[in-house]
Amino acid sequence: MIILDSNIPPGPLEMKWDRRRFSGKLVSPANKRRIKIIVVGTGLAGASAASTLGQLGYQVECFCFHDSPRRAHSIAAQGGINAAKNYQDDGDSVARLFYDTIKGGDFRSREASVYRLAQISTQIIDQCVALGVPFAREYGGQLANRSFGGVQVSRTFYCRGQTGQQLLLGAYSALCWQIERGQVTMRPRTEMLDVIVADGHARGIVVRDLVSGRLSAHTAHAVVLATGGYSNVYYLSTNASGCNVTATYRAWKQGAAFANPSFTQIHPTAIPPAGDHQAKLTLMSESLRNDGRLWVPVSPSDRRSPNAIPPSERDYFLERRYPRFGNLVPRDVASRAVKAICDEGRGVGPGGQGVYLDFSDVIRQQGIEVVRERYGNLFEMYQRITGENAYEVPMRIYPAPHYTMGGLWVDYNLMSTIPGLFVVGEANFADHGANRLGASSLMQGLADGYFILPYTIGHYLATVDSPPIAEDHGAARAALERVEARIKKLLQGKGRRRTAASFHRTLGKILWDHCGMSRCAAGLRAALEAIPPLREEFWQNVVVPGSGDMFNQELEYAGRVADFLEFAELMCHDALHREESCGAHFREEYQTEDGEPRRDDERFAYVAAWEYREGEAPVLHKEPLNFEFVQPTTRSYQ
Amino acid sequence: MLVAGRKRRGGYRRIVKLTLRIWRQRGPNERGGLVTYQVDDISPDMSFLEMLDALNQQLIMAGEEPVAFEHDCREGICGSCSLVIDGVPHGPDRGVTTCQLYMRRFADGKTITIEPWRARAFPIVKDLVVDRRALDRIMQAGGYISVNTGGAVDGNTLLIGKEEAETAMDAASCIGCGACVAACKNASAMLFVAAKVAHLATLPQGKPERTRRVMAMVQAMDREGFGSCGNQYECEAVCPKNISVRFIALLNREYLRAGILGTKMPAQSDPPHGESY
Ligand SMILES: Cc1cc2nc3c(=O)[nH]c(=O)nc-3n(C[C@H](O)[C@H](O)[C@H](O)COP(=O)(O)OP(=O)(O)OC[C@H]3O[C@@H](n4cnc5c(N)ncnc54)[C@H](O)[C@@H]3O)c2cc1C
Ligand code: SF4
Ligand code: FES
């Protein structure tokens, strides 16, 4: 039975984190050497955690499925990272970043955690600079900033269009140093497939060596999951092809509560799918909405080329619906508006899945060179993918699954409901509520990994006195057997008829239709009915060639799809139970007359944390959200 | 969704038919060879990797093993994808990775040869997948600034001129793909190492350790079995991030400088810690 104790320190908001650090027990340096910690994942969250823990003197064993820790999906982040530095003197402050994040998340996140995130944000930038991250600078040598959607100050730090890669290279280089020092043992191309829980504590993991196929158990005093998000459950998303839910989902099955699994962010500006072959969707940076205007033809039957349609016959729908924020409304609002337009049959491009993002006005007013300087690389990327020149014809964009606010439930110390199992980065549910603001995930991953976890895990290690289990402990053997059995089952059949990708695509379509940008009870019920037979068919019919004791990418993939097929159901349960619209979760039954979401703070101001029960429906636990410092208001951008 | 011959800006869409010659090799110690496959129904809007996905779906359904190849971000930033296409790492377009290559670049009916990176320091894992951990080990030898977490000074305490910052950024955009090695007759990793050294040596934060860093990284490069630079600049031509060979000149200067200063080198490092495959 799960009990949710968020462990928030008492006292004023600004003092909570200081108090926690002061009250937390410390591990003596001599003891640290004897303590082993497993870190799974080497994205921003995992690499920063592993390197800092190594630096503190712990023995760290670090895993990732990539061939190199530097390739984690964090590498793909383009836009930037927020911090309340107020270098622009435009009125930013810790309190404002805190408030923007709480409001952006539509009042579904924990105040104390978000405040801490805002406090730490400034240290992150300093740390990254010290590590050699080449942030953009002004001519005078100071750090430069840009603005991002949903806020009115300029607080985003960036490295051209590759902030994620540069921040990750910083964390990776710190990790390299600790590997060289012998503090971190790095195991790339190794996939975690289960958690080992003994006496109620996380004590290790089971992994598969992706080259030899060998399975092994690794034990430690504590386990940290930094395994990223699961937007790939939708098949098509902006995520890298390897992103998956396996690590967190298997932890769920061992007793870690899963929080708000249905809160997924659909990003408004991705390049629309071009055909059935499509393997991923490419994000076009949010910054394009600073100058690009979204529109569709007023008449659905208007098939003229966009440049032939006069302004009076265009519907600039965001400017029309949200005169105050216009094209710069937050992501969830923009995505929904685009979808609504396309559902009305007014979408453009193949299948009517797209709207125009038009730069002709800014080109006319400020000149093509200005636009080229600001967005040249994005226009190039667009042309490479679509074959179209966006300086001459408007871009076409369509929303795409992008980020998962949901994740394993963690307390203020980033510990899951399994003692000794910590979760950092996108893999946990923390901080972003029902919608994440741009440039705040990189901030959260690094806050967790560099500055929060290394303290809070110490308190756990200092207060729980139990030696790690041996690698042939009963719990480890049982976990190994679970994994072995599952792999065997995947490889079993002869004469099977369908590829894992084909199942994945079908599942993605079900979720996109019923648990995507807008949801309703009937649709979610239909999804809950459609998923179990699909899963059944998967286990009957999926073809996985080759064997388990070799490098076998199709086996890896099929295993991830199998987990998606189970996890999708949990998402639908969560979306069905939440009878309100908040942030990215839009329930059609709960909207105002003009189509705006209706939040229900009376009934739903809580985090929904789900417990796994074998053979039964998941069980809901609630962490109430008490707003002591901000007053939840209607989140209006009109 | 796409129909052949549908009129569209920029011409007509065609369905492409291709012959692929792909390097197949079951494991590091097995013999490999080129195997020929036919694919049709290739839309010009497909990426090169989506074309391989389509082939693999066919192979799986036919009960054969799919072609192993690396990919992850599929947008040119993670450095996973690594194919030699008709003899050129990352294929015919300049300044892009394999995953950013689109089929509209290829004529109908063409034969395309696809091979893995070839270099002594990059042993083949399977088919088109190679082991590039040697690059990580070079980084572990010294590709970092050794500062602890916490206690960093305010980021604006160090003023870094825009030009310096831009130069560091140019170098830092290396994605560690290893195409430069694959393109080089000597399989040298000079461009990679140069990019890494230049990134940190250009920034004031990286200066204190620059001497030790360049020595350690160059030694590690030699130890890993990468060849020496023959000044042919094939590396620059295939680099998806357009890393300039002038960074190699910078590397050479840094190395010379370190030599003149006569750094004491740490004893040859132990083998990299506990990596397993
Ligand atoms: C295209 C794109 C652009 C973005 N741009 C921005 C931006 O501008 N600003 C911003 O703040 N956020 C942005 N985001 C979001 C942000 O990049 C991610 O949320 C964040 O980087 C996640 O970091 P992470 O460390 O939690 O996980 P990841 O970086 O995803 O790392 C996961 C790690 O876990 C490992 N792993 C996973 N499962 C297993 C397993 N079973 N066994 C072993 N290892 C495993 C992987 O190998 C990897 O090392 C963007 C996201 C996308 C998709
Ligand atoms: S220098 Fe260029 S080719 Fe070489 S690894 Fe870096 S990005 Fe790849
Ligand atoms: S798949 Fe990431 S660079 Fe090509």
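Every value quoted in this text rests on a predicted model; they were computed, and no experiment measured them. Residue numbering restarts at 1 for every chain, and letters A, B, ... go by the order of the sequence lines.
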Student: Under 4.5 Å heavy-atom distance to chain B, tell me which part of A:Thr238 shows up: side chain, backbone, both or neither.
Tutor: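 A:Thr238 touches chain B through backbone heavy atoms alone.
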Student: Considering only heavy atoms, which portion of A:Met381 lies under 4.5 Å from any heavy atom of chain B: side chain, backbone, both, or neither?
Tutor: neither
Student: Which residue, A:His66, A:Lys280, A:Arg71, forms the side-chain hydrogen bond (donor to acceptor under 3.5 Å, both in side chains) with B:Asp72?
Tutor: A:His66
Student: Any side-chain heavy atom of A:Ile179 sitting closer than 4.5 Å to one from B:Tyr144?
Tutor: no
Student: Below 4.0 angstrom, N of the basic side chain to O of the carboxylate: do B:Asp131 and A:Arg189 qualify?
Tutor: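 Not counted as a salt bridge, because no side-chain N and carboxylate O are separated by less than 4.0 Å.
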Student: Answer with side chain, backbone, both or neither: which region of A:Tyr87 has an atom nearer than 4.5 Å to a non-hydrogen atom of chain B?
Tutor: side chain
Student: What part of A:Leu143 is in contact with chain B, defined as an atom under 4.5 angstrom from a non-hydrogen atom: side chain, backbone, both or neither?
Tutor: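 Both backbone and side chain of A:Leu143 come within 4.5 Å of chain B.
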Student: For B:Asp53, is it the side chain, the backbone, both or neither that has a heavy atom under 4.5 Å from a heavy atom of chain A?
Tutor: side chain
Student: Please classify the contact of A:Gln127 with chain B as side chain, backbone, both or neither, using a heavy-atom distance under 4.5 Å.
Tutor: both
Student: Measure the shortest side-chain to side-chain distance between B:Asp170 and A:Arg160 over non-hydrogen atoms and say whether it is less than 4.5 angstrom.
Tutor: yes
Student: Please look at B:Val153 and chain A and tell me whether the side chain, the backbone, both or neither of the residue comes under 4.5 angstrom of a heavy atom of that chain.
Tutor: backbone
Student: Is there a donor-acceptor contact under 3.5 Å linking the side chains of B:Glu75 and A:Thr282?
Tutor: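 Side chains of B:Glu75 and A:Thr282: no pair found under 3.5 Å.
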Student: For A:Trp177 and B:Asn148: C-alpha separation, side-chain torsions, deciding distance, then whether side-chain contact (heavy atoms from CB on, under 4.5 Å) applies.
Tutor: CA-CA 10 Å; A:Trp177 181 33; B:Asn148 286 339; 3.5 Å; yes
Student: Can you say whether A:Gln78 sits under 4.5 Å from chain B via the side chain, the backbone, both, or neither, judging by heavy atoms?
Tutor: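 Just the side chain, heavy atoms under 4.5 Å.
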Student: Below 4.5 Å from any heavy atom of chain A, which atoms of B:Leu59 appear? Answer side chain, backbone, both or neither.
Tutor: neither
Student: Against chain B, label A:Gln142 side chain, backbone, both or neither, depending on which of its atoms sit under 4.5 Å from a heavy atom there.
Tutor: both
Student: Would you say A:Phe551 and B:Asp127 make side-chain contact, with heavy atoms under 4.5 Å?
Tutor: no
